[in-house]
Structures are given as structure tokens and as C-alpha cells.
Amino acid sequence: MAIILGINTHHAGSSAALVIDGIPVAAIGEERLNRIKYYAGFPSLSILKVLEIGNVTFKDIDYVAIGRDASANVTKKLEYVLRNPSKLLNLLKIRGARDALGDLKTLFVEDCGANPNDLRFEQVNVEHHLAHIASAYFISPWDYAAGFSVDGSGDFVTCMLTECVGQEIKVKQRVYVPQSLGSLYTMVCQFIGYGKYGDEGKVMGLAPYGKPAYTAIFKDIIALTEDAFELNPKYFLPFGSNQGVEMNDKGEMTLLRHYSDHMVDVFGKPRDPSTEITQRDMDLAYSLQARFEEVYMHMLNVLYKQVPTERIVMAGGVVLNSVANGKMFEQTPFRETCIQPAAGDEGLSLGAALYVSQSVLHEKQRYVMSNAFLGPEYSADEMRATLEAAKVEYRELSREDLLVATSSEIEQGNIIGWFQGRMEWGPRALGNRSILAHPGRADMKDILNARIKRREWFRPFAPVVLAERQDEIFEYHHSSPYMLHVYKIRAEWRERLTTVRHVDDTGRLQSVSRDENPLYYDLVKTFGDRTGIPVLINTSFNENEPIICNPVEAVDCYLRTKMDVLVLGNFFCKKSPAPEALNLS
Ligand SMILES: [Fe+2]
């Protein structure tokens, strides 16, 4: 039996995961604990928390697995520098920033308070994209699958195609820096004023408002080759380093300028984020997403030729593009996907740990992920004490009464903060740290935004649907337990789902089964039985901050915002008087 601590550190999405005897017992993103979005420093708090959850100490750790290997792809890096000597400085700078990793034990001592004599672990570095693919394959129920990883870049690679067999991940193809689908998306996002790390999802949401005005130009920006793709360097800056990312003193990621002067010549000035979005920006978003999908499908089809199976495991920040994932079943031969909830770099800690367990140590136990609840949980006593300390009135309800009372509030148009059980792993709230509301009230999107979320006007809210009713409501049946697929809503349901229906009649659904989360499932079912709509709005429990983790943050968000109801475990709290009367007509 091995105790493996996986970490993602000195990289956006800092996180820790603990795997014991082949089974992940805890996994947490550092941003949830230190409250710095996309934190990119050392994950000291999440390391301590996963050890606490697993009931192990530093002395017990056999291996520390990291989803990065500086020795990987060295030949390619050297070849690149020889061809582009001006980029040497960039590469050295990146290398320098990450040299702190060289002495991992010092970080454990200084940042986590470990006793140096307790640190007997062996450090294992796993190539970035192998860790990505391991994070998807070694949580899947399959012993054979095609593996696909795509992102901005990691260990000088931007896309990896693999054949996953038993405990082995065989690399079939790598795409190297500077050819990067992730960098393309980031560059255009930045040009249209969404330049923060992680803003790509916003632009994906903006795309349906645009028109295909720039199809020809995007074909010039990125061309398809027989087995990959090629970016046109004219449009990019700093082209080649592809690492135009820096960490500031707080550990936040900032993006350097990615677009070139040629982009400005072609499209005019980039949008200042403080100004309104114009039709040009929407058309750019549309054209980007459309071309992105062509390249994405091309790479999936290239993979299928090399690994002809209908099952695919997918990871890397780019596979968070749920719109493309929803279309892949019709545009590629793949029919079943397995994507774990932390598909981006946060998931590297889990992937690296599982890679060591399966591909290095060949441990016998094989894990199959049945839900995303790998984070901390809090006792009823802790919740009660938090409510009492904050002087929040509450009623403790039975399970049955809780379901009916909550459903009834949602039916009346009220907004619910829903806090239950273990926190989700990955960037999405999936029913344990969620804000829930009515999916079919035309005014609900504006109400949610005005009272709590304050998101951009064009961003849709997402639906959770009972898994067995998905096919009746959405035009595709493949389940989406972690909100990673977008499908069209069937015509007959569109009027009843106005709030979760995007402008192109789609929804980024979460399909929930009873096995995965019985209480949450039963709440959606109760609402469905009472209203005829087995769907709720599910959005993350936060207000412009990382998703809340503990009861104190839940109560604080409830009191700070105009949320109507807080359900904290079995404790039911309602503001009185209600913040403002809704028009129920
Ligand atoms: Fe990555």
C-alpha cells in the first residue's frame, strides 16, 4: 500500500490530492482555502487539509507526485531555442520562476510546518499531459480508451494523443510549443477585453451572439495540417514562449499581451474592458469558437485514426470547452467520454498521484469516480455554532420537510444557498456548494445577477436535470455529471426553461443521478414532482470570489447578498422580511 500526495504547484490551479492504496481520499484546489482565485503558488493549505481528511501525517507519505517534468521534451526545447535564439530569455525566465520547486522539502517545512525528519517521501515528476490524461483515464471505468489532452502548454507540449491500455498510457503523438489551441483562444479573449486568467469560458458564452464575420481570417490565423494544426505567427505576441503568464506577489496569475500589432491592423483597437461589447467583439467570439471547434474535431479525428475505439478520456484546460464537447459525438466517431471535474490544471495533482499509483507502482486497486465530492465537510455542530455565532435564525428540519420547504421557496421565485456534505473537486458547483433557483422564470437571470452574481449579461445560468429525464429535455443523451457538455434544449421544453436557455437554445447541463448525490437528486425530483419541471438552476455558491468552502463563508455570503434562503445541512434559514417582493405573475 502506498500513500501518494499529488500536488500542482507554481502553476495556476494550485491543488493537492491524496491517494491511498490506489483510491483518492481527498482533493482540493488551494483557491478554496486561501480565497485567491486561480492561485498559482505552493498549495500549503490544501496539502494540510487532504492529510487531515486522510488521517495521515507527513511521516506517512511515500511519494509526492507533481504534474510537471522539466526533463521531458528537452530535445524539442533545445531545437526551438536554436531556431529562435531571441526566445531564450523567455524560457530562462520561466525556468527561473519554477526553480523554487527544486527544493520541495524546504517548502513542506517552511510553508506547511513539517518536521524535516519526517519527510522521507520520494518525489516523482510526471510529464504534464500524461498527468492530465491519467486524471481522466484512471478515474474511468474502462481498461482501454483513447486519451486526449489539450491546453495552453505544459512541459513544452500543447496537445497529447494517447492509447490507454490497462495501467499504461502510451503516447501516440505530441503537438509542441508554439502550436497551441489554448494560446489561440487566450489571445482572442484578451483582444476582446477578457484578459484575466480563466476568462475563456466567458467568451465561449458570448460566441452565440455573434455572426461568422471573420471565417476567412480565422482560417489564416490557424491552419489545419494532416495530423495537427499550425498558428500563423503574424497574429501572436510573444509568439513562441507561449508562456505569456506571470504570477504576481499574491500568487495570482496575470497574462502578458498575447496579440500582435497585426491583430490591431486587421481588427482595429482591442476592446478596453471598461467599454461596452460591440458587434465586432461578438463576431470575433463567434468566429473564434467556430474555428476552434473545427480544429478540436480535427484533432479528435486524428486521434481516432490512431486509436480506433468509441471511448475517449479527455483532460487539459481546453476540454473545459463544453460547447465543443457537446458537438463531438456528431462530428467524430467517439461515443463515450470520461472527463473528470477538475479537467484543467487543478486536476494535475490528482492525475500525477494516480499515474504513480497505476503506471509506476502498478497498484491493484483501481478507482472509478462516481461523484466529485472529494473536499472537506463540516459537522452539524459546526454548522449550528456558525449560525448561532452570526445570530442567524434557523429551523432544523427533517429530510422530508427540508426538501419540501426548499422546493416551495424555489417555486415562489426565491434564491437558495445550498450547502451540504463534502465540497466539490474542480471548478463547478455540483450540488453541495450551489445556489439554486427556478429555471423557468423569465426574470430570474436578472434577479440572480442583480442580487448576488453580478455576471456579464450574456452569460447563461446552467441547468441541473434528473439524469433519467435528460433525453426527454435535451437533444443528446450522453450524461454530463460535471457540467462539461452543452446540448440543445428540445423545442417543447424551451418555454419552460427560459432562464437556463442560452440565446442559441442550448444549456450546459449537469445530469444528476440518485447514486451520485441522493439529497440533491431528491430536491430536483421534489421540485419536478410539484411543478412538472425536473430541472433547477444550479450556479456556484459565491459572489465574485472562489466558491465558498466552509459554513462561515456560506453564512457570510448569505448575509452579505440578497439571497433569500440558506440551507446549511438540515438547518433552514430564511430572511425576514424577504429582500424584495418578486412579481409572481
Ligand atoms: Fe495543462
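Order of listing sets the numbers, starting from 1, for every ligand and every atom in it.
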Evaluate the side chain to side chain donor-acceptor pair (under 3.5 Å) criterion for residues Asn542 and Lys453: first the C-alpha distance (whole Å), next the side-chain angles of each, then the deciding distance (0.1 Å), finally the verdict. CA-CA 7 Å; Asn542 59 353; Lys453 301 292 289 188; 2.6 Å; yes
Please enumerate all residues that pass salt bridge (charged side-chain N to carboxylate O under 4.0 Å, His left out) together with [X], with sequence neighbours excluded.
| X | value |
| --- | --- |
| Glu456 | Lys202, Arg459 |
| Arg311 | Glu336 |
| Glu553 | Arg35 |

Worksheet item: Charged N to carboxylate O below 4.0 Å: is that the case for Lys37 and Glu545?
Response: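 No, no charged N to carboxylate O under 4.0 Å.
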Are the ring centres of Phe138 and Tyr367 closer than 6.0 Å?
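No.
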**Prompt:** Ignoring water, what protein N, O or S atoms are under 2.8 Å from the Fe ion (ligand 1)?
**Reply:**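 Correct list: His128 NE2, His132 NE2, Asp151 OD2, Asp345 OD1.
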